[in-house]
Novice: 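Before I ask anything, here is the structure I am working with.
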Amino acid sequence: MNSLSFYFIGVVTVLLFSPLSLTCSSARALDDDTNNNQNFIQCLYQYSNNSTSTTKVVYTKSNSSYSFILQFSIHNLRFETKTTPKPLVIVTPSEISQVQATIICSKRHGMQIRARSGGHDYEGLSYVSEVQFVIIDLINLSKIDVDADSRTAWVQAGATIGQLYYRISQKSKTLGFPAAVCATVGVGGQFSGGGYGFLMRKYGLAADNIIDAHIIDVNGRFLDREAMGEDLFWAIRGGGGASFGVIISWKIKLVPVPSTVTVFRVARTLEQNATKLVHKWHLVANKLDKNLTIRIDLQRVNSSTKQGGLTVQATFESMFLGTVDQLIPLVQKSFPELGLVKQDCTEVSWIQSVLYLGGFSITQSPDVLLNRTQSSVASFKGKSDYVTVPIPESGLEGLWPLFYEEEAQNAIMIFNPYGGRMDEIPESEIPFPHRAGNICKIQHIVYWLEEGDEVAQRHINWIRRLYSYMEPFVSKSPRAAYVNYRDLDIGVNNKNGYTSYKEASIWGVKYFKNNFNRLVHVKTKVDPLNFFRNEQSIPSLLPVGRK
């Protein structure tokens, strides 16, 4: 029986297994869950090539390792509570056939799929759902093959950015890749939403440097770029892969980096003229030489001039593709107010810059990048904005009081500069549309360690007020956002039933602008019944004849 036959069987079976009444007792519902669970697992064994190996990668709630597997890749403790919905089953496939079987059997038994590569999803959508669901955790599909001669690499979706950087560095000292700063982010999710880092102004996004991909579609078919066609290949490079299937691997184009790069980190507080410096940065950051990236981290610190007082610190963090002697004249010409001197800078290899910018010491072994776990994990809420007009000093001054509030103890705003290569790529080249005209992107994020709903809500309310305050100073019509900093505050799909194009556009155009329309049409073509869905997945257009 071919995969298309499985598709039609799945549709019929989903209808048969859908609950028809709300009058069943809770005990009956529990029995149904158990039966559905057992039927799903039997289905997995039936359609996997090797039922013995499949047994080793399937975890139910009765399995002693279930909680460990679930929690291992959760990087936001907001979604690690007793009341957070849990998957009926976790599958950690080691073979492609096990991914195919999970898709087929999930359709058959009316279960949604959440695909997880690194677990950094800001709203937990890769491992949380309010309906019956299965997690496909790709942690075992993390193979990386680097070909330094052709300057390409195949990287499976379950690998982390750190693992990729490490493998590249083992093959070449003068090749790199423009992806994330955080080493534990999974490539499956990051690349499918865009992916950026300190090489962005020189080489664009991770998604701009993808040349092939492997995906399992809604019919369980394994497709490469040629087989999936250019429309779907376009959609998964920045449109969010979880809307279209389960991405297995990416083929990426590696980029040249010099043997010596230069990094620096310069901190200035409000008492050290930080307000004027941040404003001046807005005037020059996107116009700097494309080999130079300077980002700003804004956060509150203890004041060194007022005993027991607080202040706001702006940390200017940079990586330059060249030597310190080449860097200093560039900064002195465009941003002399920063006062950068040679002693602030360190010449390193590219892989050492990855360590430095990722919060490690440049003296540490790159082996640390292979670690999938973070040193500390907290609860957090994130948001994003794009800036198209320099933020005036008065706008910044009105922002500082928010940082003195209790909830801002562990809050940060990160300003990532655009310009350079980002100005040269058309908005429609891939779904990621935020190109020319943007000075920078802001990541707003607040962390907290305390437990409880009341504490969480206070911090979430704080960041919503920060976001509200920033409205006059950021992009408009739409107020744009970055899909990899997922934010359900800006709009969600209907939890039950059909989501119209108009409804989904509320959030869709903020992430994708005019590209949202094309994404919806690709979705309608490849997944017309909207099997791959979540709170912010690309919807299908209403099927013909459906009311």
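The analysis underlying the following values was restricted to heavy atoms, covering all of them including side chains, and did not include hydrogens, waters or symmetry mates.
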Novice: If the condition is ring pair (Phe, Tyr, Trp, His ring centres under 6.0 Å), which residues does F516 pass it with, not counting sequence neighbours?
Specialist: Y501, W507
Novice: Name all residues meeting the ring pair (Phe, Tyr, Trp, His ring centres under 6.0 Å) criterion together with Y165; count only those two or more places apart in sequence or in a different chain, and write none if there are none.
Specialist: W350
Novice: V387 and N438: side chain to side chain contact (heavy atoms under 4.5 Å, CB included), yes or no, with the steps?
Specialist: CA-CA 6 Å; V387 177; N438 288 296; over 6 Å; no
Novice: Per the side chain to side chain donor-acceptor pair (under 3.5 Å) rule, which among T160, T184, N76 passes with H120?
Specialist: T184
Novice: With rounding to the nearest 0.5 Å, note down the distance linking NE2 in H444 to OH in Y467.
Specialist: 7.0 Å
Novice: Can you name the salt bridge (Lys or Arg N to Asp or Glu O under 4.0 Å) partners of D137, sequence neighbours left out?
Specialist: R116
Novice: Donor-acceptor pair, distance only, cut-off 3.5 Å: does the side chain of S65 make one with the backbone of Y59?
Specialist: no
Novice: List in chain and number order the residues that pass side-chain hydrogen bond (donor to acceptor under 3.5 Å, both in side chains) with Q409, two or more places apart in sequence or in another chain; answer none if no residue qualifies.
Specialist: none
Novice: Sequence neighbours excluded, which residues qualify as salt bridge (Lys or Arg N to Asp or Glu O under 4.0 Å) partners of E123?
Specialist: R78, K381
Novice: Decide whether Y47 and R108 meet the rule of one side-chain donor and one side-chain acceptor closer than 3.5 Å.
Specialist: yes
Novice: Would you please name every residue forming a ring pair (Phe, Tyr, Trp, His ring centres under 6.0 Å) with F177, sequence neighbours left out?
Specialist: F191
Novice: Should we say atom NZ of K86 is surrounded by more than 12 heavy atoms from elsewhere, each under 6.0 Å from it?
Specialist: yes
Novice: Apply side chain to side chain donor-acceptor pair (under 3.5 Å) to Y511 and Q536, showing your working.
Specialist: CA-CA 10 Å; Y511 290 140; Q536 282 186 348; 2.7 Å; yes
Novice: Using atom types as modelled and distance alone, determine if a side-chain donor or acceptor of T81 lies under 3.5 Å from a backbone N or O of T84.
Specialist: yes
Novice: I'd like to check L125 versus L488 (side-chain heavy atoms, cut-off strictly below 4.5 Å). Are they in contact?
Specialist: yes
Novice: Could you check if a side-chain atom of K510 sits within less than 4.5 angstrom of a side-chain atom of V483, using non-hydrogen atoms only?
Specialist: no
Novice: Could you pull out all residues at least two apart from D217 that satisfy side-chain hydrogen bond (donor to acceptor under 3.5 Å, both in side chains)?
Specialist: R221
Novice: Could you tell me which non-hydrogen atom of L449 sits nearest to which non-hydrogen atom of A378, and how far apart they are?
Specialist: CD2-CB, 3.6 Å
Novice: Below 6.0 angstrom between ring centroids: does that apply to F380 and Y447?
Specialist: yes
Novice: List in chain and number order the residues that pass side-chain hydrogen bond (donor to acceptor under 3.5 Å, both in side chains) with R533, two or more places apart in sequence or in another chain; answer none if no residue qualifies.
Specialist: none
Novice: So F532 and Q112, side chain to side chain contact (heavy atoms under 4.5 Å, CB included) or not? Walk me through it.
Specialist: CA-CA 7 Å; F532 292 108; Q112 285 190 12; over 6 Å; no
Novice: Hey, what do you get for CD (E80) to CD1 (I74), rounding to the nearest 0.5 Å?
Specialist: 5.0 Å
Novice: Might you confirm whether atom CG of D367 has over 12 heavy atoms from other residues, nucleotides or ligands at distances under 6.0 Å?
Specialist: yes
Novice: Within the side chain of N494, is there an N or O that forms a donor-acceptor pair under 3.5 Å with the backbone of G497?
Specialist: no
Novice: Is the backbone of I538 close enough, under 3.5 Å, to the side chain of S243 for a donor and an acceptor to pair up by distance?
Specialist: yes
Novice: For F68 and F72, I'd like to know if the aromatic rings sit close, meaning centre-to-centre distance below 6.0 Å.
Specialist: yes
Novice: Once the angle between the rings of Y469 and F473 is folded into 0 to 90°, is it parallel (under 30°), tilted (30 to 60°) or perpendicular (over 60°)?
Specialist: tilted
Novice: What distance do I216 atom CD1 and I136 atom CD1 have between them, rounded to the nearest 0.5 Å?
Specialist: 9.0 Å
Novice: Give a yes or no on whether the ring-centroid distance for F432 and H434 is below 6.0 angstrom.
Specialist: yes
Novice: Measure the CD1-OG1 distance between I113 and T102 for me, rounded to the nearest 0.5 Å.
Specialist: 6.5 Å
Novice: Under a 3.5 Å distance rule, please check whether Q98 uses its side chain to pair with a backbone N or O of S94 as donor and acceptor.
Specialist: yes
Novice: Salt bridge between K383 and D385, side-chain N to carboxylate O under 4.0 Å?
Specialist: no
Novice: So, the side chain of S192 versus the backbone of G189: is there a donor-acceptor pair under 3.5 Å, distance only?
Specialist: yes
Novice: Determine whether the side chains of Y122 and D487 contain a donor N or O and an acceptor N or O closer than 3.5 Å.
Specialist: no
Novice: Decide yes or no on side chain to side chain donor-acceptor pair (under 3.5 Å) for S500 and E503, but give the supporting numbers first.
Specialist: CA-CA 5 Å; S500 70; E503 291 170 316; 3.2 Å; yes
Novice: Starting from the C-alpha separation in whole Å, work towards a yes-or-no answer on side chain to side chain contact (heavy atoms under 4.5 Å, CB included) for L44 and V91.
Specialist: CA-CA 10 Å; L44 281 183; V91 182; 4.0 Å; yes
Novice: Who are the salt bridge (Lys or Arg N to Asp or Glu O under 4.0 Å) partners of K143, not counting sequence neighbours?
Specialist: D145
Novice: For the OG1 atom of T311 and the CD atom of Q299, what is their distance to the nearest 0.5 Å?
Specialist: 11.5 Å
Novice: How would you list, by chain and number, every residue that makes a side-chain hydrogen bond (donor to acceptor under 3.5 Å, both in side chains) with S475, sequence neighbours excluded?
Specialist: none
Novice: Tell me which one of F233, F222, W250 satisfies ring-ring contact (aromatic ring centres under 6.0 Å, His included) with H214.
Specialist: F222
Novice: For K495, enumerate each residue passing the salt bridge (Lys or Arg N to Asp or Glu O under 4.0 Å) test, keeping only those at least two apart in sequence or located in another chain.
Specialist: E130
Novice: Test your reading of the model: is there a side-chain donor-acceptor pair from Q100 to the backbone of G220, 3.5 Å cut-off?
Specialist: yes
Novice: Report the C-alpha distance between I296 and M413 in whole Å, list the side-chain angles of each, state the deciding distance to 0.1 Å, and finish with yes or no for side chain to side chain contact (heavy atoms under 4.5 Å, CB included).
Specialist: CA-CA 8 Å; I296 302 176; M413 292 175 68; over 6 Å; no
Novice: Please determine whether the number of non-hydrogen atoms from other residues, nucleotides or ligands lying under 6.0 Å from atom CD of E451 exceeds 12.
Specialist: no
Novice: Compile the donor-acceptor pairs under 3.5 Å between side chains in residues 454-466 and protein atoms, sequence neighbours left out, one pair per line.
Specialist:
unit_1, atom_1, unit_2, atom_2, d
E454, OE2, R458, NE, 3.1
Q457, NE2, N461, OD1, 3.1
R458, NH1, E407, OE2, 2.8
H459, ND1, V455, O, 2.9
N461, ND2, Q457, O, 3.2
W462, NE1, L402, O, 3.0
R464, NE, D489, OD2, 3.0
R464, NH2, D489, OD1, 2.9
R465, NH1, E405, OE1, 3.3
R465, NH1, E405, OE2, 3.3
R465, NH2, E405, OE1, 2.6

Novice: Does R372 reach the main-chain N or O of A183 with its side chain, forming a donor-acceptor pair under 3.5 Å?
Specialist: no
Novice: Under 3.5 Å, is there a donor-acceptor pair between the side chain of D297 and the main chain of T315?
Specialist: no
Novice: Between atom OG of S106 and atom CZ of R114, what is the distance when rounded to the nearest 0.5 Å?
Specialist: 11.0 Å
